[in-house]
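This structure is a prediction, so every number in the text was calculated from the model and none was measured. Numbered from 1 within each chain, the chains take letters A, B, ... in sequence-line order.
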Number of protein chains: 2
Amino acid sequence: MSVDVAEELRRVGLRATVPRMKVLSFFLDQKQRHFTAEDVCRQVADENLHISFGSIYRVLQQLVEAKILRSGTLHSTRIVYELDNTPDHDHAICVSCGQIEEFHDPLFDARQKEVGERLGFLVVGRQLVLHGYCVKCRAFAPGSTGNSGEQ
Amino acid sequence: MSVDVAEELRRVGLRATVPRMKVLSFFLDQKQRHFTAEDVCRQVADENLHISFGSIYRVLQQLVEAKILRSGTLHSTRIVYELDNTPDHDHAICVSCGQIEEFHDPLFDARQKEVGERLGFLVVGRQLVLHGYCVKCRAFAPGSTGNSGEQ
DNA sequence: TTGTCTGCAAAAGCTTTGCATGAAT
DNA sequence: ATTCATGCAAAGCTTTTGCAGACAA
């Protein structure tokens with residue numbers, strides 16, 4: 001596993017350094033997929049090792065450039081990173097517990113193209129995040145019928 | 001017009017001060033709808049008047065709370081403000097010139113509800129931004145067929 | 001050895017906040 | 001007169017950057 005990580009890094013033209021290997025294997029080892037720079041920094045550290053914020057951000061940026069990670073903004077204005085090893089997808093985030101689900105719906109793609117044509121836009125991508133209550137948190141939802149009300 | 005602004009402010013429980021009236025009438029006067037705090041600060045100022053960043057941010061926040069403005073993040077992680085006087089809508093932004101179009105497509109609403117059900121989510125809102133090339137900038141687009149390629 | 005990377009700390013960009021002064025009611 | 005808002009400047013939070021020492025190849 002660690003060997004693969006080193007080779008993967010060299011494959012994309014990066015030296016196999018401790019910070020880069022740690023960060024990359026961190027993403028590969030987790031079941032959860034979405035992390036901020038702070039998450040990574042905190043969870044990658046142990047008694048023997050601390051990686052500076054500067055390096056964390058630099059490494060994350062390089063991995064994004066190498067198309068090993070993707071970055072975007074989901075909740076707040078903080079950048080969130082995820083492995084770029086799955087097909088294009090959108091996100092649904094629970095406003096109560098923060099859980100993130102990924103989904104893909106081909107109809108959104110078709111629809112977005114049509115909308116683009118209506119506007120004269122040549123659409124090349126989108127950022128779509130659904131906000132709602134996940135299975136575990138539905139009980140805490142205020143109303144009952146699930147209709148749009150946010151921005 | 002200025003009178004309306006003062007009354008509108010009092011209606012929502014805010015004193016009719018110069019910074020608040022200036023900011024609100026700024027939004028009402030523009031054809032363009034989307035501004036950052038810096039935009040507002042810069043464009044509201046003239047030789048006789050300068051409103052501090054602190055006040056700009058405080059006023060914008062209050063107007064959002066009063067549901068006169070909405071806030072969100074469109075391009076980057078900078079907060080963008082717009083009048084809350086139109087129905088719910090999404091945004092399309094030109095990656096070349098930055099122009100922003102608003103649109104509403106009921107099929108997205110229906111679709112988002114279905115996707116939510118598939119995930120067990122009770123969807124209450126969404127953030128959807130299409131990225132593409134506007135009419136004037138289509139010529140600069142790299143490929144030709146407009147398919148998704150971003151996050 | 002050589003060129004690249006890291007840690008540190010400082011800076012940068014955006015937004016928020018504390019406090020004394022000043023304005024609205 | 002009282003209460004609330006503003007300006008200023010400082011601080012907060014996230015992210016970026018410069019530089020000297022350290023490491024990978």
Any Lys/Arg nitrogen of Arg70(A) or Asp88(A) sitting under 4.0 Å from an Asp/Glu carboxylate oxygen of the other?
-> yes
Given Watson-Crick or G-U pairs with both distances under 3.5 Å, what dot-bracket string fits DNA chain D, with | for other-strand pairs and [ ] for crossing?
-> |||||||||||||||||||||||||
Range on DNA chain D touched by chain B, heavy atoms, distance below 4.0 Å | dT3(D) to dC8(D)
Between Arg111(A) and Asp105(A), is the closest basic N to carboxylate O distance under 4.0 Å?
-> no
So, the side chain of Arg126(B) versus the backbone of Asp90(B): is there a donor-acceptor pair under 3.5 Å, distance only?
-> no
From CD of Glu7(B) across to C1' of dA24(C) the rounded distance in Å is 16 Å
Whole-Å distance, Leu9(A) CG to dT6(C) P, equals 10 Å
Between the protein and nucleotides 17-19 of chain C, which nitrogen or oxygen pairs are less than 3.5 angstrom apart?
from: dG18(C); atom 1: O6; to: Arg58(B); atom 2: NH1; distance (Å): 3.2

Grab the CD1-P distance between Ile51(B) and dG22(C) for me, whole Å please.
-> 18 Å
For Leu49(B) and Val18(A), take the nucleotide of DNA chain D holding the closest heavy atom to each; which residue's nucleotide lies nearer the 5' end?
-> Leu49(B)
Here the distance between atom C1' of dA24(C) and atom CD of Gln62(B), to the nearest Å, is 14 Å
Rounding to a whole Å, what distance do you find between Arg20(B):CZ and dA24(C):C1'?
-> 10 Å
Side-chain heavy-atom pair Arg58(B), Ser55(B) within 4.5 angstrom cut-off | yes
Residues Arg11(A), Glu8(A): salt bridge by 4.0 Å N-O rule | yes
Is Ile68(B) close to Asn85(B) at the side-chain level, that is, under 4.5 Å between some pair of heavy atoms?
-> no
Nearest-nucleotide 5' precedence on DNA chain C, Thr17(B) against Ile79(B) | Ile79(B)
Ring pair (Phe, Tyr, Trp, His ring centres under 6.0 Å) contacts in which one or both residues fall within residues 108-127 of chain B, not counting sequence neighbours | Phe108(A)-Phe108(B)
Roughly, in whole Å, what's the span from CZ in Arg15(B) to C1' in dG22(C)?
-> 12 Å
Kindly write out the residues that satisfy salt bridge (Lys or Arg N to Asp or Glu O under 4.0 Å) with Glu65(B), not counting sequence neighbours, or none if the list is empty.
-> none
Euclidean distance, atom CD1 of residue Ile56(A) to atom C1' of dC5(C) [Å, nearest integer] = 14 Å
Test item: Arg33(A) side-chain N/O and Ile100(A) main-chain N/O as donor-acceptor pair under 3.5 Å | no
Inter- and intrachain pairs under ring pair (Phe, Tyr, Trp, His ring centres under 6.0 Å), touching residues 8-42 of chain A, at least two apart = Phe26(A)-Phe35(A), Phe27(A)-Phe35(A), His34(A)-His91(A)
Ser52(B) near the nucleic acid: base, sugar-phosphate alone, or nothing, with a heavy-atom cut-off under 4.0 Å?
-> base
Name the nucleic acid region contacted by Arg78(B), choosing base, sugar-phosphate or nothing; use a 4.0 angstrom heavy-atom cut-off, strictly under.
-> sugar-phosphate
Okay, side chain of Arg20(B), backbone of Arg15(B): is any donor-acceptor separation there less than 3.5 Å?
-> yes
